[in-house]
Amino acid sequence: MTNQDKEKLSGTSKRMSLLFVIIFFSLAVLIFRLSFIQLSKGEKFLASAETNRFINLSIPAPRGSIYDRDKVELVGNKPAFTITYQVLNGVGQNHMDLIGELYQIFEMTPEEMYEKMDPKAEKYSLTIARKIISDAKPYQVAYVREHANELPGINVVVEPIRNYRYSNSSSHVLGYLNNIAEDDWAAFKDKGYEQNEIVGWAGVEKQYEEYLHGSNGTLKVEVNRYYQPLQEKRTEEPVKGHDLILTIDKDLQTATEQALKEQLVELKRSVNTVEHGAAIAMDPKTGEILAMASYPDFDPNLYIKGFSTKEYNEQILPGIMNRAIQQTYQPGSTIKMSSVLIGLKEGVISPYSGLTDSGAIQVGWTTGGKPNMISSWQALGYVDPVKALAVSSNVFMIDIFKKLGKYNDFMNNSEVNTFLSSYLPESMKKILAYHAEFGLGKVKTGLDLPYEVEGSVTEEKNPADLAYASIGQSEHYTLMQLAQYVSTIANDGKRMEPHIVSEIIGPDNKSVQKIEPKVLNELPYTQEQINLVKRGMRDVVEKPYGTFYSVLHNFRYPVAGKTGTAETGRGTENSLFVGYAPYDNPQVAIAIIIPDNKANSHSYDSVGPIAQKMFDAFFTLKEQKQLTISEGK
């Protein structure tokens, strides 16, 4: 080997040694760095790895159950299969392919399924599972499970769903559930709700949402690359919502609904304008609502199962309004008890005042200079306050308010001007203030249900305002207002706050709150004055000339009441009845309306059968319960 070769070999060895040192040093640094990361940040990266394999899901808490006054469950929960859709990234998920494969199996249109899936996150966050079907059918569940690997993001989960045990019964009282509205999401989010939860939209479901909604639990779920669960572990148990005990009597509610429906169906055969009606039964001494029916009704379960546009238009929309509290009507002659009481209070009549009802009374003049006559339903002869109520004399009532307003038909121009500028507005203001003390007019009854509307009054600023206010033609009041009104008379002038819920029970089955009877106000009339109108109401039923004699004069308990018909301006009449029983010890008060009945109809024909069945059901049920208690002893 030459010296030159030795020098080359020596240079190569030095370079190899240097390279080895560099590699060794680099490996040492790398090992040190890895060790540092493993020791100092290992838990962080482990948690990150766990996040990649596990997801935390919310476990829906069962809503509180709803019972009638005798602890019969009206609304509960049942376990059911829910099919959900989860938006995924990086797994080849195509929502249009999923829709194409599943929409017929899910019994939806492609558009309906797309809206529920919300693949572009227009309604829901991308991380939230969308509910496609609640209470899915067995074959739908089987299909999803059999084709799980072909349906990325489509899952089947078990969760409690609402079960309205008696379908349409009490639907307006109970209400229904629906998705959180976009405008309401911020408020619900602050209360800890998930975006995909359903909440109360009507009835006690809405009114008592904060009690019925429980606390959701947490589920840690291991998933595969298709976001399908492999195994799960509960980390926090859900807590059921509070239960509600209602004042409603299920059997009386059913009897009321059936009576209302049967009569409306029968009337509809010959009167094509009749579409709906409502009825209320109330304890006048406590304010408890014993029954509240509005027809047509609907099945709240449809909101849980889901429905098509056609199903909504045919099965829900016609009956979605609670006509007992959400619509106002002219009350007609049912208002006449207040007219007599106002006349007595203001001193324009006495208990012994009387006049001859010849069938009509003049109220001013027509534009042609002829007397403007307003009729009674027939010439009724001599009437005093009691008989005027029994035979429903328009003439007597109008005369009261003419005197109240200091009006006569032969005033000179100066007197007319004074009447229009002073006496008329003052009198109408006074009348409406008296009505408000009954809970009528621009006031709410205090009922614990949402969407209750206030009444209103139409004023033309002429003498007819007084006349029509005295006979219930200018007012528009809700049936709930009329039920509170007649209950107040039955209760000797004490106006009670009506309520649907009597008690709230916590998840531990202990009472949280009992709703006690509440007096809102007392009428400014003497007991003698109230007794006088009560005698008139009794004669409505008891005397052969009374307008409800043919319906209830033979009933086993003495009934007091008042009929009403009111012209609607549409060529139809509202048929009404308000009343209570027993006359000497009121236990139940009722109010019934069938709007848009044929002209010149009679309330004893139209609403009489409903009133009879309601009273009979109430007392029959009461007698049966008393017998059961006595036998138990």
Side-chain angles (χ1 to χ4, degrees), residues 66-74 166 169-170 173-174 244-263 278-293 324 447 479-480 482-492 494 496-503 514-517 534 537-538 540-542 548 551-562 577-592 607-633:
I66 303 175
Y67 300 89
D68 89 331
R69 64 188 302 112
D70 296 318
K71 304 293 180 68
V72 176
E73 187 180 69
L74 304 177
Y166 298 97
S169 183
S170 306
V173 170
L174 300 172
L244 302 180
I245 309 297
L246 304 187
T247 60
I248 295 292
D249 183 306
K250 172 192 166 294
D251 294 326
L252 179 60
Q253 177 75 21
T254 300
T256 301
E257 290 170 339
Q258 187 66 24
L260 183 65
K261 178 180 179 180
E262 288 175 353
Q263 186 64 8
I280 297 171
M282 177 176 171
D283 185 332
K285 295 180 180 178
T286 65
E288 294 178 335
I289 302 299
L290 307 174
M292 177 180 285
L447 180 69
L479 191 67
M480 185 65 248
L482 292 175
Q484 187 181 49
Y485 155 71
V486 71
S487 292
T488 303
I489 294 173
N491 197 33
D492 292 329
K494 293 184 178 66
M496 307 303 295
E497 182 176 70
H499 58 279
I500 289 283
V501 171
S502 66
E503 189 173 8
K514 289 186 177 181
I515 288 76
E516 301 294 339
K534 290 171 78 171
M537 294 175 70
R538 176 63 183 139
V540 167
V541 179
E542 184 183 33
F548 222 55
V551 181
L552 289 168
H553 76 280
N554 283 330
F555 191 68
R556 62 189 185 277
Y557 292 92
V559 176
K562 185 71 191 77
F577 176 78
V578 298
Y580 65 89
Y583 168 67
D584 52 354
N585 180 29
Q587 297 172 29
V588 62
I590 69 172
I592 308 166
V607 299
I610 303 171
Q612 188 175 41
K613 291 174 182 177
M614 289 177 68
F615 279 127
D616 185 59
F618 173 82
F619 288 107
T620 297
L621 291 168
K622 186 178 182 65
E623 291 158 4
Q624 289 174 349
K625 290 175 184 178
Q626 289 174 340
L627 181 61
T628 301
I629 292 172
S630 63
E631 289 177 346
K633 291 181 178 179

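When a residue number appears, it is its place in the shown sequence, counting from 1.
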Rounded to the nearest 0.5 Å, what separation is found between the [atom1] atom of [X] and the [atom2] atom of [Y]?
X	Y	atom1	atom2	answer
I590	Y580	CD1	OH	12.5 Å
Y166	D68	OH	CG	8.0 Å
L246	I289	CG	CD1	11.5 Å
I280	I592	CD1	CD1	10.5 Å
I515	E497	CD1	CD	10.0 Å

**Study point:** Worked verdict on V486 versus K562 for side-chain contact (heavy atoms from CB on, under 4.5 Å)
**Key:** CA-CA 9 Å; V486 71; K562 185 71 191 77; over 6 Å; no
Would you check if the side chain of [X] reaches a backbone N or O of [Y] as a donor-acceptor pair within less than 3.5 Å?
X	Y	value
E257	S170	yes
R538	V559	yes
Q253	M292	yes

Hey, does [Y] have a side-chain heavy atom less than 4.5 Å from the side chain of [X]?
X	Y	result
S487	N491	no
Q484	L447	no
K534	D492	yes
I248	K250	no
L621	Q624	yes
D249	K622	no
T488	Y485	no

Exercise for review: Determine whether more than 12 heavy atoms belonging to other residues, nucleotides or ligands lie under 6.0 Å from atom NZ of K285.
Suggested key: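 Yes, because the 6.0 Å sphere around NZ of K285 holds more than 12 heavy atoms from other groups.
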Review point. Crowded around K613 NZ? As in, over 12 foreign heavy atoms under 6.0 Å?
Key: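 Enclosed.
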Heavy atoms only: give me the nearest [X]-[Y] pair and the separation to one decimal.
X	Y	value
T256	A293	CG2-CB, 3.9 Å
T247	H499	OG1-O, 3.2 Å
A490	P586	O-CG, 3.4 Å
M496	P517	CE-CB, 3.8 Å
S169	T254	OG-OG1, 4.1 Å
L252	M614	CD1-O, 3.8 Å

Point to revise | Side-chain donor-acceptor contact under 3.5 Å, E288 with S502 | key: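 On atom types as modelled, these side chains do not qualify, holding no pair under 3.5 Å.
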**Study point:** Parallel, tilted or perpendicular, as decided by the 30° and 60° cut-offs, for the rings of Y557 and F555
**Key:**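 Taking Y557 first and then F555, their aromatic rings sit tilted (interplane angle of 30° to 60°).
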Review point. Would D251 and K625 pass as an ion pair if we require N to O under 4.0 Å?
Key: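 Salt bridge between D251 and K625, a charged N being under 4.0 Å from a carboxylate O: no.
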